[in-house]
Amino acid sequence: MDKLEKMKKASKLIANIGKVFQIVFGIITGIFLVSIILLSVLRNSFNGMTVVFQTGFTADNMGYWAAKLADEGRISDAFLVFGISALLLSLVITLIMHFVVKIFTRFCNEYSPFLPETIKDLKIISLLATLLILRNSFGLGLISGFIFWGIIQLYEYGCELQNQADETL
């Protein structure tokens, strides 16, 4: 088996695994969406509940704003904020996986991985991934943004070389 065939086989495997993750996170996104809708409808019945449940769970694990709302006794609002945050996170991961699957499916089906469509998809992935990382750490977000930018620059150079090679044939 030659190197190109191995790369296409690996790309197909990555695309299939990516599809599984995309489906799983799509389902999780749907669950969060349904729970947000249910919480919105049942909002008034949850207000006034105490923050600590019998299990010892506290709202501190839900993020700063959700914990602040829970400390004020606004439990339903805290769960809504947490649910919206979780919904956005799972939606971004689903989108990232969608573009990863597109890229690796294209690798399997096209004559070259160096195509302008792939650069667009890489830019979207890098923006979304950098935003996810920035959510947790400003420094790591900046570093990852520069790394993604460098990879995209290298990929654009590869596309230019591919274009020149195609023109000489």
Side-chain angles (χ1 to χ4, degrees), residues 1-40 57 60-67 79-169:
M1 183 181 302
D2 67 329
K3 199 170 198 172
L4 185 59
E5 237 179 87
K6 284 182 183 179
M7 289 174 54
K8 286 193 177 215
K9 190 174 181 179
S11 295
K12 186 172 183 157
L13 177 66
I14 293 169
N16 289 336
I17 292 170
K19 284 178 190 175
V20 171
F21 278 111
Q22 183 182 1
I23 291 168
V24 168
F25 279 100
I27 291 169
I28 291 170
T29 302
I31 290 170
F32 280 122
L33 184 61
V34 169
S35 66
I36 289 170
I37 292 169
L38 285 174
L39 271 171
S40 297
F57 172 81
D60 296 336
N61 300 329
M62 296 171 61
Y64 175 77
W65 292 109
F79 279 116
L80 278 172
V81 167
F82 175 74
I84 290 169
S85 175
L87 172 78
L88 291 175
L89 176 67
S90 63
L91 182 63
V92 167
I93 293 172
T94 304
L95 285 172
I96 288 172
M97 293 313 300
H98 168 74
F99 288 106
V100 166
V101 168
K102 269 180 69 173
I103 288 172
F104 283 100
T105 301
R106 192 176 300 121
F107 285 178
C108 294
N109 298 330
E110 299 293 332
Y111 71 97
S112 169
F114 296 103
L115 300 168
E117 299 88 12
T118 304
I119 293 174
K120 287 185 223 174
D121 293 342
L122 281 173
K123 286 180 179 179
I124 293 169
I125 290 171
S126 66
L127 176 69
L128 292 172
T130 301
L131 289 175
L132 272 181
I133 297 168
L134 275 171
R135 180 178 171 257
N136 294 324
S137 170
F138 184 74
L140 286 177
L142 285 178
I143 291 169
S144 68
F146 281 121
I147 291 170
F148 286 130
W149 179 72
I151 291 169
I152 289 170
Q153 293 302 310
L154 290 171
Y155 209 86
E156 285 178 338
Y157 182 68
C159 284
E160 186 60 35
L161 291 176
Q162 180 69 50
N163 191 26
Q164 289 175 3
D166 291 345
E167 288 175 356
T168 57
L169 295 177

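- Under the 4.0 Å criterion applied to side-chain N and carboxylate O atoms, Lys123 and Glu156 are assigned as salt-bridge partners.
- At a threshold of 4.5 Å between non-hydrogen side-chain atoms, the residues Leu134 and Thr130 count as touching.
- Only one option out of Ile125, Ile147, Leu122 pairs with Ile152 in a side chain to side chain contact (heavy atoms under 4.5 Å, CB included); it is Leu122.
- Tyr155 pairs in a ring-ring contact (aromatic ring centres under 6.0 Å, His included) with only one of the listed residues (Phe148, Trp149, Phe114), which is Phe114.
- Listed by chain and number, the residues in a side chain to side chain contact (heavy atoms under 4.5 Å, CB included) with Val20 are Val24 (sequence neighbours excluded).
- The structure places CG of Leu95 at 11.0 Å from CG of Leu127, a figure rounded to the nearest 0.5 Å.
- Side-chain contact check for Arg135 versus Leu89: some heavy-atom pair is nearer than 4.5 Å.
- Taken to the nearest 0.5 Å, the CG atom of Leu4 stands 9.0 Å off from the OG atom of Ser11.
- How far CZ of Phe32 is from CG of Leu87: 8.0 Å, rounded to the nearest 0.5 Å.
- At a threshold of 4.5 Å between non-hydrogen side-chain atoms, the residues Cys159 and Leu115 do not count as touching.
- For residues 90-110, every residue pair satisfying the ring-ring contact (aromatic ring centres under 6.0 Å, His included) rule, not counting sequence neighbours, is listed here: Phe104-Phe107.
- For Ala15 against Thr105, the heavy-atom pair with the smallest separation is CB-OG1, 3.7 Å.
- We find the CZ-CD1 distance between Phe21 and Ile14 to be 12.0 Å, quoted to the nearest 0.5 Å.
- Side-chain contact annotation: Gln162 with Ser112, donor-acceptor N/O pair under 3.5 Å present.
- Here the CD1-CG distance, from Ile133 to Leu128, works out to 11.0 Å after rounding to the nearest 0.5 Å.
- Within the model, atoms NZ of Lys8 and CD of Glu110 stand 8.5 Å from one another, a figure rounded to the nearest 0.5 Å.
- The side-chain heavy atoms of Val101 and Asn16, taken from C-beta on, include no pair separated by under 4.5 Å.
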- [ ] List the steps and the verdict of side-chain contact (heavy atoms from CB on, under 4.5 Å) for Thr94 and Ile23.
- [x] CA-CA 8 Å; Thr94 304; Ile23 291 168; over 6 Å; no

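- The shortest distance between side-chain heavy atoms of Leu80 and Ser40 falls below 4.5 Å.
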